[in-house]
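See below for the structure under consideration.
Numbering of ligands and ligand atoms starts at 1, following listing order.
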Amino acid sequence: MLSLKNVSRTFNGGLAGFQNISLQSKKGEVIGLLGTSGCGKSTLLRVISGLDPDYSGAVEIDQEKIKAVHEKVGIIFQEPRLMPWLNVIDNIGFGVKQKTDKLSEAKAYIDLVGLAGSEKLYPKDLSGGMAQRVSIARALITNPEVLLLDEPFSALDAFTKMQLQDLLLNIWNQYRSSIFLVTHDIDEALYLCDRIFILRGQPGEVYKELTVDVQKPRTRGDEELAKMKGQILELLDLSKSEKGNQNEHNKVASK
Ligand SMILES: Nc1ncnc2c1ncn2[C@@H]1O[C@H](COP(=O)(O)OP(=O)(O)OP(=O)(O)O)[C@@H](O)[C@H]1O
């Protein structure tokens, strides 16, 4: 459903951004993007979302080329980006075009993300985890076929992070949209993703594609996942592989 063919978006005379990325997602697949800092992961999500149309190559959803923000794509950022003057229910319903449906639809999503009872609260009264639940509901209410997440849980404490990872899995079970997850957290990628693309370099390129062949829901600390974590750490360790010398200054925050 989502297809990228030789997609590049570079800046500064070709030194930053990413290049030559080709991949295809299947319906309901969770794809992880892991990579060294500055290798273009956020730029790639911006291109897929239509927020940055100045790319080369082809990005298509259901064979339709992405040239601007697309209704089939939802995006969730690291920070919730809520509108401070709107309460929870109005933040969630903001993107719903039909005025009459706004409240009832927003209510259903409030229940889905576990915020029943908090409808009238304003962003300033929400914890980080609650605010991120609102942004998840706001992204889902338009029923996206592709959901993009840019380090969505990295600002949260470890316990809240695990709760929201499980919430995402529950939602994925119900909706089966394709999910693209940018993360620095290898455990998170291994817990949630079906395939993981390792990006390296500046501009970033796909260095390796891994399939996580462990049935969901997975057990945190699963032996197979632990083995894969070791493999990923090796792949991201620039000093231990052939491309290492080019990018010594890159760093990976593995948590
Ligand atoms: N609008 C822009 N103009 C110029 N350079 C840019 C622009 N957007 C991104 N870049 C550069 O492209 C590179 C990739 O940035 P990007 O934020 O996509 O990386 P990232 O992999 O998401 O990084 P991190 O993991 O640290 O968040 C960086 O060197 C960045 O400075």
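- Of the candidates V47, D52, T43, T43 brings a heavy atom nearest to atom 15 (O) of ligand 1.
- Side-chain atoms of S3 and E60 form no donor-acceptor pair, as typed in the model, at a separation below 3.5 Å.
- By the 4.0 Å heavy-atom criterion, R46 is excluded from the residues contacting ligand 1.
- Chaining together hydrophobic side chains whose heavy atoms lie under 4.5 Å apart leaves M162 on its own.
- Contact check on K161 versus D157 returns no salt bridge, with no Lys/Arg side-chain nitrogen under 4.0 Å from an Asp/Glu carboxylate oxygen.
- Atom 21 (O) of ligand 1 has K41 NZ, 2.8 Å as its closest protein atom, hydrogens excluded (heavy atom only).
- Those atoms of ligand 1 with a heavy atom of G17 less than 4.0 angstrom away are 12 (O), 13 (C), 14 (C).
- Protein heavy atom closest to atom 3 (N) of ligand 1, with residue, atom name and distance, is F11 CD2, 3.4 Å.
- Annotation for ligand 1: atoms under 4.0 Å from non-hydrogen atoms of H184 are 25 (O).
- Screening D185, D187, D222 for a salt bridge (charged side-chain N to carboxylate O under 4.0 Å, His left out) involving K229 leaves a single residue, D187.
- Between V73 and P144 there is no side-chain heavy-atom pair separated by less than 4.5 Å.
- When P203, G38, C39, G204 are ranked by how near their heavy atoms come to atom 28 (C) of ligand 1, first place goes to G38.
- For atom 17 (O) of ligand 1, a protein heavy-atom neighbour is found at a distance under 4.0 Å.
- In this structure, a donor-acceptor pair under 3.5 Å is present between the side chains of Q78 and S154.
- Distances from atom 26 (O) of ligand 1 to the heavy atoms of G35, S42, S37 show the closest one on S37.
- Heavy-atom proximity to E151, at under 4.0 Å, picks out these atoms of ligand 1: 27 (O).
- Below 3.5 Å of separation, one finds no N or O of Q202 facing any N or O of ligand 1.
- More than 12 heavy atoms of other residues, nucleotides or ligands shown are found within 6.0 angstrom of CZ on F11.
- In this model, a donor atom of one side chain and an acceptor atom of the other lie less than 3.5 Å apart for Y191 and D166.
- Open room surrounds NZ on K208; 12 or fewer heavy atoms of other groups in view lie less than 6.0 Å from it.
- Ligand 1 has at least one atom lying under 4.0 Å from a heavy atom of G40.
- Heavy-atom contacts of A16 reach the following atoms of ligand 1: 11 (C), 12 (O), 13 (C), 29 (O) (cutoff under 4.0 Å).
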